[in-house]
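We name chains A, B, ... by the order of the sequence lines, and we start the count at 1 in each one. Hydrogens, waters and symmetry mates play no part in the numbers below; they use all other heavy atoms, side chains included.
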Amino acid sequence: MTIDFLAELRWRGLLKDCTDPVGLAKHLADPAASPRRAYVGFDPSADSLTIGNLVPIMMLVHFARAGHQPVVVMGGGTGLIGDPSGKSAERTLMTDDTIASHVRAQRPIFENVFAGAGLSAPKIVNNADWLTKMSAIELLRDVGKHFSVNQMMAKESVRERLHNREQGISYTEFSYMILQAYDFLHLFETDGVTIQMGGSDQYGNITAGADLIRRTVERRAEARYQAEHGQSLDDAARIEGAAVAGYSERWFGLTTPLVAKADGGKFGKTEEGAVWLTGPRTTAYAMYQFWLNASDEDAIKFLKLFTLLSQSEIESIERAHAAEPFKREAQKILAIQTTTLVHGKAEAEAALRASQALFSGDIAGLPMEMLEQVFAEVPSTDHPCAQLEGGIDLVDVLIETSLAKSKREAREFVGNGSVSINGSKAEPDAKLTEADLLHGKVIALRRGKKAWHLTRWG
RNA sequence: GGGCGUGUACCCAAGUGGCCAACGGGGGCAGACUGUAAAUCUGCUGGUAAUACCUUCGGGGGUUCGAAUCCCUCCGCGCCCA
């Protein structure tokens with residue numbers, strides 16, 4: 001079960017930057033100091049995380065599979081400030097309550113994914129626990145003193161805003177980096193966490209943390225060495241020998257690449273918006289469909305990034321897929337694997353069944369129980385049964401179900417044969433009547449290939 | 001504070017008195033072909049009781065038979081000067 005963490009990240013394409021790959025390999029391989037601890041910070045700006053966040057989560061999963069201890073840091077404290085990285089405008093501050101509720105809502109995501117990977121839950125901490133207790137003077141004296149404003153202004157996330165006439169950047173967001181850097185120092189000192197990981201957009205913040213540790217911890221170690229040996233600890237000794245001698249410790253940062261789609265589009269977006277990792281925002285069915293629709297080029301890449309299948313398993317899928325791409329084996333495996341990881345086996349299998357039923361269009365013969373299950377994933381509306389007496393125009397129903405935005409559009413859809421009733425194509429002047437009811441209760445409408453809607457009549 | 005520009009549909013962008021519900025491109029939706037893919041082709045992309053009418057070109061007001069288009073004013077944005 002134990003894997004080589006760095007080698008695993010490399011073949012999967014999960015590794016972008018590392019502050020010191022050689023040093024880190026040694027660091028992780030040292031049996032005396034195992035397990036090592038690594039953390040990733042997550043921003044509670046929403047009550048869920050998106051599929052993009054799954055990349056660093058997978059990094060933590062692999063870290064655990066390598067026999068080490070992953071730590072999840074919820075940004076309950078830093079979220080009160082707001083990370084300027086990648087943001088073109090100053091953020092609106094969120095209230096304590098909002099942040100705290102977001103933190104609570106995100107927590108199960110980590111537990112679920114780790115459970116899905118067959119691992120025990122990772123340690124989860126909230127940086128509000130230490131950041132909110134820090135006084136302003138402490139922050140400025142103990143932390144701020146180690147930062148050069150000149151350097152901070154040179155960081156990408158800040159520089160862009162400094163040169164932007166319209167937006168600028170507040171002192172609050174400018175200071176964000178200091179807080180995140182302090183997280184690393186705090187975890188290093190209190191929990192023995194030596195590695196920070198994150199998306200490549202976090203590299204600046206990660207190195208800021210590493211710098212802070214060097215300036216505080218390492219200087220302390222150097223001072224101790226000097227006091228005991230009467231001579232200074234030079235760089236070579238620091239790296240090679242001093243760690244062993246206990247006078248210096250090492251810390252590392254590594255980042256995951258930004259996931260890009262082969263067609264250049266933004267990863268993790270659908271027509272409905274971002275793909276989220278929790279059911280209330282993105283159902284298991286929607287997530288399953290998202291993966292199933294991956295392009296051929298992306299499917300193999302995603303298998304490496306988002307599943308725990310082995311290298312040889314993925315290679316064999318790749319061969320099969322290259323031979324018979326129309327079978328879409330890669331996408332199917334990708335979809336079931338990732339959906340299982342995030343939503344669990346039962347929900348993933350339900351999503352699979354729903355997909356099969358909905359895309360075969362063969363739903364008229366399904367028993368009610370099955371129908372309810374399949375359409376649990378699909379939007380639905382209630383309608384008075386009386387309307388069916390004598391028939392109601394399909395066009396009107398399409399608007400009520402918001403499958404069409406206007407009558408004009410509804411007529412267009414029906415006219416070019418893109419609407420089906422219970423799986424069979426609707427005639428241009430179709431009306432819905434009692435005869436269309438399945439099990440006396442529901443009528444399933446579909447527009448195009450993918451947009452289903454369940455109407456309930458009662 | 002002054003000068004010169006600029007604001008058009010989801011985005012970019014034409015249009016500078018009637019032929020304007022407004023060229024074109026992107027994006028989106030649908031159809032055909034397919035593999036729930038890509039590429040390609042076709043249609044649609046203000047609304048309705050539809051050969052017509054109604055609401056739209058930053059907001060408000062005005063000129064005119066008639067305004068996205070001209071005038072006034074306010075607001076937003078850009079560049080230059082102070």
Side-chain angles (χ1 to χ4, degrees), chain A residues 88-90 163-168 259-275 282-303 317-339 348 350-363 374-375 377-379 392-421 423-431 444-453:
Chain A
S88 58
E90 185 83 10
H163 293 149
N164 186 333
R165 283 161 176 271
E166 285 172 52
Q167 286 299 337
V259 179
K261 290 200 295 181
D263 65 8
K266 200 168 174 180
F267 170 73
K269 295 276 186 203
T270 66
E271 308 91 75
E272 286 80 36
V275 179
T282 300
T283 61
Y285 171 75
M287 171 175 279
Y288 183 90
Q289 284 292 319
F290 169 79
W291 295 113
L292 196 64
N293 281 309
S295 72
D296 290 353
E297 299 93 300
D298 289 332
I300 299 297
K301 186 167 100 186
F302 291 169
L303 279 169
I317 294 165
E318 191 170 7
R319 278 191 301 275
H321 188 265
E324 297 179 300
F326 54 90
K327 284 193 171 173
R328 299 189 305 128
E329 275 309 313
Q331 283 93 335
K332 285 177 185 166
I333 295 170
L334 174 68
I336 191 71
Q337 289 281 329
T338 48
T339 309
L352 167 64
R353 279 197 303 276
S355 295
Q356 285 168 343
L358 291 178
F359 282 91
S360 66
D362 184 20
I363 56 131
V374 164
F375 281 96
E377 309 286 4
V378 160
I392 176 169
D393 279 331
L394 177 58
V395 164
D396 293 325
V397 180
L398 286 176
I399 292 170
E400 286 177 34
T401 58
S402 56
L403 283 174
K405 286 200 287 287
S406 66
K407 288 199 176 185
R408 202 220 93 248
E409 195 178 66
R411 286 193 204 100
E412 183 192 328
F413 288 147
V414 179
N416 62 25
S418 59
V419 177
S420 65
I421 302 168
S424 46
K425 190 172 284 190
E427 295 301 315
D429 53 355
K431 286 174 179 291
L445 298 175
R446 172 164 71 158
R447 186 208 72 215
K449 287 194 178 74
K450 302 176 187 177
W452 281 88
H453 188 101

Measuring only the [atom1] atom in each nucleotide, how far is [N] from [M]? A whole number of Å is fine.
| N | M | atom1 | result |
| --- | --- | --- | --- |
| C53(B) | A68(B) | P | 16 Å |
| U45(B) | C80(B) | C1' | 41 Å |
| C65(B) | G59(B) | P | 25 Å |
| C44(B) | G24(B) | P | 11 Å |

If we call it a pair only when both distances are under 3.5 Å in a Watson-Crick or G-U wobble match, what pairs with [N]?
| N | answer |
| --- | --- |
| G35(B) | none |
| G5(B) | C77(B) |
| C29(B) | G43(B) |
| G24(B) | C12(B) |
| G17(B) | none |

*Rounded off to whole Å, could you give me the CD1-to-P distance for the Ile333(A) and A37(B) pair?*
19 Å
_Need one value for Asp296(A): base, sugar-phosphate or nothing, where a base atom within 4.0 Å counts as base even if backbone is also close, heavy atoms only._
base
*Just checking Phe359(A): base, sugar-phosphate only, or nothing, at a heavy-atom cut-off of under 4.0 Å?*
base
*Nucleic acid footprint by protein, nucleotides 48-57 of chain B - heavy-atom cut-off 4.0 Å, B for base, S for sugar-phosphate alone*: SSB-------
_Using 0.5 Å steps for rounding, measure from the CD atom of Glu318(A) to the CD atom of Glu329(A)._
14.5 Å
Considering only side-chain heavy atoms of [X], which listed nucleotide, [options], is closest?
| X | options | answer |
| --- | --- | --- |
| Gln331(A) | G35(B), G43(B), A37(B) | G35(B) |
| Ser295(A) | A37(B), U36(B), A30(B) | A37(B) |
| Phe413(A) | C44(B), A30(B), G35(B) | A30(B) |

*Who are the side-chain contact (heavy atoms from CB on, under 4.5 Å) partners of Gln337(A), not counting sequence neighbours?*
Thr307(A), Leu309(A), Ile333(A)
*asked:* Taking side-chain contact (heavy atoms from CB on, under 4.5 Å) as the definition, give me every residue that meets it alongside Asp429(A), ordered by chain and number, with sequence neighbours left out.
replied: Glu427(A)
*Nearest nucleotide by nearest heavy atom, which residue falls closer to the 5' end of RNA chain B, Arg328(A) or Gly417(A)?*
Gly417(A)
_Contacts of type ring-ring contact (aromatic ring centres under 6.0 Å, His included), residue Phe302(A), not counting sequence neighbours_ = Phe267(A), Trp291(A), Phe306(A)
*Measure distances between side-chain N and O atoms of Lys332(A) and base N and O atoms of U36(B), and say whether any donor-acceptor pair falls under 3.5 Å.*
no
*asked:* Strictly by salt bridge (charged side-chain N to carboxylate O under 4.0 Å, His left out), give each pair with a member in residues 393-403 of chain A just once, sequence neighbours left out.
replied: Asp393(A)-Lys431(A), Asp396(A)-Lys407(A)
*Presence of salt bridge, Glu297(A) and Lys301(A), under 4.0 angstrom*: no
_For Arg353(A), salt bridge (charged side-chain N to carboxylate O under 4.0 Å, His left out) partners two or more places apart_ = none
